[in-house]
**Q** 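Dropping the structure in here first, questions after.
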Amino acid sequence: MPRVRTKLVSWDEIVDWSMHLADIIKRDGYRPDLIVAVARGGYVPARLLCDFLSVENLASVQSQHWTEAAKVEEKAILKFSYRLNASGLNILVVDDIVDTGDTLKLARDHIEANWSPKTVKTAALQWISPVAKFKPDYYYLEVKEWIWFQYPWTRLEDTYQFIKRMMSEAYKEMGKSEWTNEEVVKGFNEWYGIDVGETYYRRALDVLLEKGVITYDPSRKTYKLVAT
Ligand code: ADP
């Protein structure tokens with residue numbers, strides 16, 4: 001059993017899900033004049049929806065989760081909250097997944113309050129129904145058990161963060177501080193239950209080396225967490 005429930009999502013699945021999502025929106029009769037991608041996760045689905053719904057106008061807002069010092073609570077904020085005159089326009093705000101729902105709700109509320117649109121609707125490829133406080137107007141897949149979806153556009157970022165987490169947990173749990181390349185790959189497969197392929201493991205280790213998170217010992221052919 002993997003420690004973190006993770007599903008590897010392919011580019012083909014993303015195209016397929018976006019196509020189905022476009023059909024749902026079309027069947028409902030909603031015709032957006034402008035699509036707004038919630039950065040960064042909403043970029044690819046939003047671009048595909050432009051294609052499948054024949055929408056030329058694409059804008060973006062970016063959200064981030066803000067952690068206030070010494071507070072456990074995390075608040076979603078908009079990074080660059082500019083104003084756009086969207087009077088008379090029907091807007092579709094798009095994200096990849098609705099997890100807590102804070103992000104998409106925040107983007108929708110901001111656009112509604114500041115951009116003077118005619119209408120605003122929200123769409124996501126996936127909606128995690130048991131945890132989400134917000135239900136998008138349109139979604140393709142309802143996810144009934146929380147899981148981490150490894151989307152193709154965060155493959156490298158997820159891989160290096162997963163490797164870092166695995167290494168620091170293994171150190172805490174059993175004092176393991178040295179990893180061969182093979183151990184990293186095997187450990188990753190066991191921990192997350194997915195295989196991202198040799199290129200991503202190599203690049204992820206390179207990122208961790210560049211960031212100074214790990215070091216490499218060429219004589220022992222091992223990686224070591226710097227903090228350990
Ligand atoms: P929400 O407000 O919908 O919960 P978050 O602010 O938690 O979204 O997450 C922001 C972004 O983080 C999402 O748009 C998505 O790119 C990524 N994300 C959140 N939860 C997941 C998940 N379960 N699997 C993959 N990516 C996720």
Side-chain angles (χ1 to χ4, degrees), residues 1-18 20-21 24-25 35-50 58-68 71-81 91-113 120-166 188 191-197 200 204:
M1 265 296 278
R3 294 213 193 182
V4 182
R5 277 169 50 84
T6 309
K7 183 192 174 335
L8 199 63
V9 181
S10 69
W11 284 112
D12 283 352
E13 279 173 302
I14 293 299
V15 175
D16 183 57
W17 297 355
S18 302
H20 280 101
L21 182 59
I24 291 167
I25 296 164
I35 288 183
V36 178
V38 180
R40 295 177 290 167
Y43 260 68
V44 175
R47 181 62 186 89
L48 290 170
L49 285 180
C50 282
L58 175 61
S60 174
V61 292
Q62 181 159 15
S63 86
Q64 80 174 26
H65 264 154
W66 189 258
T67 312
E68 289 174 87
K71 285 206 177 159
V72 188
E73 202 178 321
E74 286 197 345
K75 202 169 161 252
I77 59 161
L78 286 187
K79 258 183 147 174
F80 312 107
S81 59
I91 297 184
L92 184 68
V93 190
V94 177
D95 210 346
D96 47 4
I97 189 163
V98 174
D99 190 322
T100 66
D102 291 343
T103 304
L104 199 51
K105 183 176 182 307
L106 181 79
R108 199 261 329 252
D109 291 351
H110 173 79
I111 289 165
E112 222 160 39
V120 185
K121 294 214 179 211
T122 53
L125 298 178
Q126 295 173 288
W127 169 53
I128 313 188
S129 56
V131 295
K133 286 172 270 167
F134 175 81
K135 185 179 178 183
D137 296 298
Y138 306 110
Y139 60 89
Y140 176 55
L141 295 171
E142 177 179 354
V143 179
K144 295 202 170 133
E145 258 181 89
W146 191 92
I147 189 166
W148 184 261
F149 291 92
Q150 207 307 290
Y151 297 120
W153 50 81
T154 51
R155 194 141 297 163
L156 184 56
E157 195 174 304
D158 283 356
T159 304
Y160 77 71
Q161 286 175 358
F162 280 3
I163 290 175
K164 186 181 165 194
R165 198 184 312 168
M166 173 181 80
F188 186 96
W191 268 62
Y192 303 105
I194 56 169
D195 184 8
V196 294
Y200 278 99

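Note that this is a predicted model, so its numbers are computed, not measured. Scope of the values below: all heavy atoms of this structure, side chains included, with no hydrogens, waters or symmetry mates. Whatever order the structure lists them in is the order used to number ligands and atoms, beginning at 1.
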**Q** Are Arg40 and Glu157 close enough for a salt bridge, meaning some N to O gap below 4.0 Å?
**A**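 So Arg40 pairs with Glu157 through a salt bridge.
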**Q** So do the side chains of Thr103 and Gln64 get within less than 4.5 Å of each other, counting heavy atoms only?
**A**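 In short, these two side chains do not touch, never coming nearer than 4.5 Å.
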**Q** I need the contact residues for ligand 1: any residue with a non-hydrogen atom closer than 4.0 Å to the ligand, ordered by chain then number.
**A** Gly41, His65, Asp95, Asp96, Ile97, Val98, Asp99, Thr100, Gly101, Asp102, Thr103, Ile128, Trp146, Ile147, Trp148, Phe149, Tyr151
**Q** Does anything in residues 126-144 form a salt bridge (Lys or Arg N to Asp or Glu O under 4.0 Å)? List the pairs, not counting sequence neighbours.
**A** Asp102-Lys133
**Q** Please work out whether the ring planes of Tyr151 and Trp153 are parallel, tilted or perpendicular, with thresholds of 30° and 60°.
**A** parallel
**Q** Can a donor-acceptor pair be found, under 3.5 Å and without considering hydrogens, that links the side chain of Gln150 to the backbone of Thr154?
**A**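 Indeed, once roles are kept as given, a pair shorter than 3.5 Å links the two residues.
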**Q** Asp99 and Trp146: side-chain donor and acceptor closer than 3.5 Å?
**A**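 The criterion, which ignores hydrogens and geometry beyond distance, is satisfied for Trp146 and Asp99.
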